[in-house]
Amino acid sequence: MADSSRFFIDEEEDSPIDLTPMLDVVFIMLIFFIVTSTFVKESGVDVTRPNAETAAPTDASSIQVGIAANNQIWIEKRQVDKRAVRANIERGLAESPGAAVIIIADALSNTETLIDVLDQARLAGATSVSVAADEP
């Protein structure tokens, strides 16, 4: 005689696992990391900066303007014409009011180009304009 309990089928249904709370937590963490992250803006050109005894590190929230050795002007990894520097800096100041403008000029670039960019930054309304240098 066979054991009747062997043939007993469990009629309990398997309930699916609800993933909604886990997805909520993942999306909240994603939003948190996006909001708290900082994005570094670079001038987009490699320059050889001159050394200075008084060089000091600056805040990451700045508008960086690069001047290459051949006097090309770069803002946010885009080459910019000398006449468009002011408009680009105004746009940058509108995005982050009170940001400092840092001019990263190559040691072989012309002083005339540096002065032109400096003037355009001040005309754009920048209150803090500085020229980058390397610490010795």
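In what follows, every heavy atom counts, from backbone to side chain, and hydrogens, waters and symmetry copies are set aside.
Contacts classified as side chain to side chain donor-acceptor pair (under 3.5 Å) and involving residues 119-128 (residues at least two apart or in different chains) are not found.
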For residues 107-115, which side-chain donor-acceptor pairs fall under 3.5 Å, sequence neighbours excluded?
unit_1: Ser109; atom_1: OG; unit_2: Asp106; atom_2: O; d: 2.7
unit_1: Thr113; atom_1: OG1; unit_2: Asn71; atom_2: OD1; d: 3.4

Contacts under 3.5 angstrom, residues 81-93 side chains, donor-acceptor by atom type, not counting sequence neighbours:
unit_1: Asp81; atom_1: OD2; unit_2: Arg83; atom_2: N; d: 3.4
unit_1: Asp81; atom_1: OD2; unit_2: Arg83; atom_2: NE; d: 2.9
unit_1: Asp81; atom_1: OD2; unit_2: Arg83; atom_2: NH2; d: 2.9
unit_1: Lys82; atom_1: NZ; unit_2: Asp116; atom_2: OD2; d: 3.1
unit_1: Arg86; atom_1: NE; unit_2: Glu90; atom_2: OE2; d: 3.4
unit_1: Arg86; atom_1: NH2; unit_2: Leu123; atom_2: O; d: 3.4
unit_1: Asn88; atom_1: OD1; unit_2: Arg78; atom_2: NH2; d: 2.9
unit_1: Asn88; atom_1: OD1; unit_2: Arg91; atom_2: NH2; d: 3.0
unit_1: Asn88; atom_1: ND2; unit_2: Ala84; atom_2: O; d: 2.7

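Applying the side chain to side chain contact (heavy atoms under 4.5 Å, CB included) rule to Leu19 yields the partners Ile17, Met22; only residues at least two apart in sequence or on another chain are considered. Applying the side chain to side chain donor-acceptor pair (under 3.5 Å) rule to Asp24 yields no partners; only residues at least two apart in sequence or on another chain are considered.
Taking CD from Glu95 and CD1 from Ile63, the interatomic distance works out to 8.0 Å, rounded to the nearest 0.5 Å. If you take CD1 on Ile103 and CD1 on Ile73, they are separated by 9.5 Å, rounding to the nearest 0.5 Å.
Nearest heavy atom pair, residue Ser62 against residue Ala99, reads CA-CB, 4.3 Å.
Within the 4.5 Å cutoff, no side-chain heavy atoms of Ile102 are placed close to those of Val65.
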